[in-house]
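Indexing begins at 1, ligand by ligand and atom by atom, following the structure's order.
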Amino acid sequence: MTKPHVLLLGEILRAHEAWESLSSLAEIVSPKAQDRTEFLEECRNGAFDKVLVIYRTFESVALTGCFDEELVRTLPDSVQFICHNGAGYDQIDISACTARGIRVSNTPTAVNDSTADLNLFLILGALRGFNASMISLREGKWRGYPPPPPGHDPTGKILGILGMGGIGRNLKKKAEAFSMKVIYHNRNKLDGDLAGGAEYVSFEELLKKSDIISLNLPLNEETRHKISVHELAMMKKGVVIVNTARGAVIDEKALVNALDRGHVASVGLDVYENEPEVHPGLVANPNVLLVPHLGTYTVETQRAMEDWNISNVRSVLESGALRNVVPEQIDL
Ligand SMILES: O=CC(=O)O
């Protein structure tokens, strides 16, 4: 019997042994394509006709482009599963996959610690206004002349977490070690003690009450530009905003404007609307602490994500089902 094929889009960086062990169950294939047009052509000319499952990375979007309707439609009929190595799967059109009977998995839990750690680093750094003096030190100007105003302590500040999933909940625990009071908003109030005692508030209340707003929600059609001119205007003057989710949940142009007017005091960002481009108004502003999408960029987390994603591929090959599917497909 011929083995099914697994298509690798992107690289395995850490879990080499786990990956290689799949070869007893499947043939691993890679694209020859150098860009999206060539990739679609390879799909059409039968190169992937035996592929049952695709393992893809966030970075592989540079080769294939997004897994949008066009791409999903062009995949051969044999493809039944896509294992995405990342928590956020906004590069994949889930409705298009569902329509074709393709099940999609992601790597949710594995990312929680490292992303929440970076989130907290950005909160502390933005609150303290460290970025301005870090720049002036490197320019040979010590703290700057004049030095920037002193920062603020986290103790007693209200942290509003928008999106209380795995990362939001992990952040909540960490923030409490710094004596912040956590409130949250989600589409639905969390059951039982899942929120760990954090107060559930409406979206509007979260915007109005928070000293620091942390964006921890996935990007989809409902959350794109969830924070724009109107929402920024509802926030406290001097608010601090941190985003480790996806750039497009906030309207970057509106954010730059609110920073320039001083309504938003400072910002910590790991993600941007058009990565790897960063809005020049963010780069120019010393009150903005910028990190180039490094939320999960640790040896341990890279390894844990790959292990999880490979175990999903293995599960498909051994038992015909994924270990987890994205929330949109849970009830299918
Ligand atoms: O951005 C990182 C992820 O979605 O895992």
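Under 4.0 angstrom from ligand 1, the non-hydrogen atoms of R246 all belong to its side chain.
With respect to E41 and R44, a salt bridge is recorded, a charged nitrogen being found less than 4.0 Å from a carboxylate O. Between K181 and E199 a salt bridge is recorded (basic side-chain N to carboxylate O distance below 4.0 Å).
Atom NE2 of H16 is surrounded by more than 12 heavy atoms from other residues, nucleotides or ligands within 6.0 Å.
Counting atoms of ligand 1 from 1 in the listed order, those under 4.0 Å from a heavy atom of H293 are 1 (O), 2 (C). Ligand-side atoms of ligand 1 in range of G86: 5 (O), range being under 4.0 angstrom from any heavy atom.
Hydrophobic clustering places V291 together with L171 (ILVMFWY residues linked when any side-chain heavy atoms are closer than 4.5 Å, directly or through intermediates).
Aromatic ring pairs are classed by plane angle as parallel below 30°, tilted from 30° to 60° and perpendicular above 60°; the pair F203 and H185 is tilted.
Looking only at protein heavy atoms, the nearest one to atom 3 (C) of ligand 1 is A87 N, 3.4 Å.
Looking at M305 next to ligand 1, no N or O pair under 3.5 Å apart turns up.
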